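The block underneath contains the structure these notes are about, expressed in structure tokens.
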Amino acid sequence: MKTIDELLAEGVAGKRVFVRADLNVPLDGTTITDDGRIRAVRPTVARLAEAGARVIVASHLGRPKGAPDPAFSLAPAAARLGELLGTEVAFATDTVGESARATVAALTDGRVAVIENLRFNAGETSKDDAERGAFADRLAELADVYVGDGFGAVHRKHASVFDLPARLPHAAGGLIATEVGVLKKLTEDVTRPYVVVLGGSKVSDKLGVIDHLLEKADRILIGGGMAYTFLKAQGHEVGSSLLQEDQIPAVLGYLERAEEKGVEFVLPVDVVVSAQFPDLKAKTPGHPATVAADAIPAGVMGLDNGPETNKLYASKLADAATVFWNGPMGVFEHPDYAEGTKAVAQALVDSPAFSVVGGGDSAAAVRILGFDENAFGHISTGGGASLEYLEGKTLPGLAALED
């Protein structure tokens, strides 16, 4: 896999360099609520521009239906990238149409442009190879060189991620190189004790990674909505908490395997519950109560780890040398149910372990809850991509960058 250092050594001045970034940031209308992914790709864009490249930045945002939708425009992301670079960034209002061609043609050495949301074209995500390839052909006409730096999308077999690198000389950007290097520390050269913290809403989203990490981890801590399927599998009442009953056989299998392999599996001992899901926009006080995890009353739902669980999890992280965390411990967006997630984040800050926050909601929680990002070993930009890598899957976007 060619690196951006090698590409820059060959020279990019005057060349049109297509950077597949991940600018898929959360928006409140046109206001970006977390610009972490834009800040993560900024160094690669800046290095190329400083070397005299004509940089074309492309990304998806959200899930439009293969046609333009103003709600998913990349215009706010383009403006924020310009602020971070300290220079004007041109913006094309389409992907491969008249605006994109004119915007790219107007670029001079060292200048940057962003083209509109790639998913406004159905070819980007098509499962039909020919349709996807046709879109990749049109994207390739815009550029001379391809740099893949959108780690959050490398697990997708999409035109700009998988097909386009085959049509242009290509290299991996600095962000992808960093992400892959970190993930190798979690899979190939692990410093022990190795503790994995998994949360989020659905256990089904994490089955593959649990299966794979049972062969590697020393200890697995479970929280979030997925914990209630584990508690139910152990025979406990979970009230109206999120539950995937169809996953109980798989969960029981993992618990048995963990015991056989000597992997410590840790579940909540108390939880914060309420009779109703909180109003996340209003942030008005809810009606939380703390109960034992094996005594959740009927009619209430678990929404966060309780204080005893927070102490327990902090103790289980204190002696770790390596930690991977993916998924919040509760509905962290509401202050009544943020303490579990906050406790895990604080335990990682306090620990000397090499800690990796696995993207998605976990990365968002770290920022929203006010933690210093530099206090963690690495904050990934790709939750789904990180999980699939840890499952041992081949990621199309990484395979496409291999020579």
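Keep in mind it's a predicted model, so treat the numbers as computed, not measured. The basis for the numbers below is simple: all heavy atoms, side chains too, and nothing from hydrogens, waters or symmetry mates.
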Side chains of [X] and [Y], heavy atoms from C-beta outward: is any pair under 4.5 Å?
{"X": "Leu61", "Y": "Leu23", "result": "no"}
{"X": "Met226", "Y": "Lys206", "result": "yes"}
{"X": "Leu84", "Y": "Val45", "result": "no"}

### Query
How would you list all residue pairs meeting ring pair (Phe, Tyr, Trp, His ring centres under 6.0 Å) that involve residues 358-403, not counting sequence neighbours?
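As it turns out, there is no ring pair (Phe, Tyr, Trp, His ring centres under 6.0 Å) pair with a partner in residues 358-403 once direct neighbours are skipped.
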Salt bridge check: are [X] and [Y] linked by an N-O gap of less than 4.0 Å?
{"X": "Arg257", "Y": "Glu260", "result": "no"}
{"X": "Arg47", "Y": "Glu50", "result": "no"}
{"X": "Lys15", "Y": "Glu10", "result": "no"}
{"X": "Asp109", "Y": "Arg54", "result": "yes"}
{"X": "Arg367", "Y": "Asp35", "result": "no"}

Taking atom types as modelled, find out whether [X] and [Y] have a side-chain donor-acceptor pair closer than 3.5 angstrom.
{"X": "Thr229", "Y": "Gln247", "result": "no"}
{"X": "Arg119", "Y": "Thr95", "result": "no"}
{"X": "Asp22", "Y": "Thr381", "result": "no"}

### Query
For the side chain of Glu339 and the backbone of Gly306, is there at least one donor-acceptor N/O pair under 3.5 Å apart?
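Pair absent, no side-chain N/O of Glu339 close to backbone of Gly306.
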### Task
Ignoring hydrogens and angles, tell me if any N or O in the side chain of Tyr313 forms a donor-acceptor pair with the backbone of Ile222 under 3.5 Å.
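Looks like yes, one N/O pair under 3.5 Å.
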#### Entry: salt bridge (Lys or Arg N to Asp or Glu O under 4.0 Å) partners of residues 178-196, not counting sequence neighbours, each pair once
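As it turns out, the salt bridge (Lys or Arg N to Asp or Glu O under 4.0 Å) pairs with a partner in residues 178-196, which skip direct neighbours, are Arg192-Asp218.
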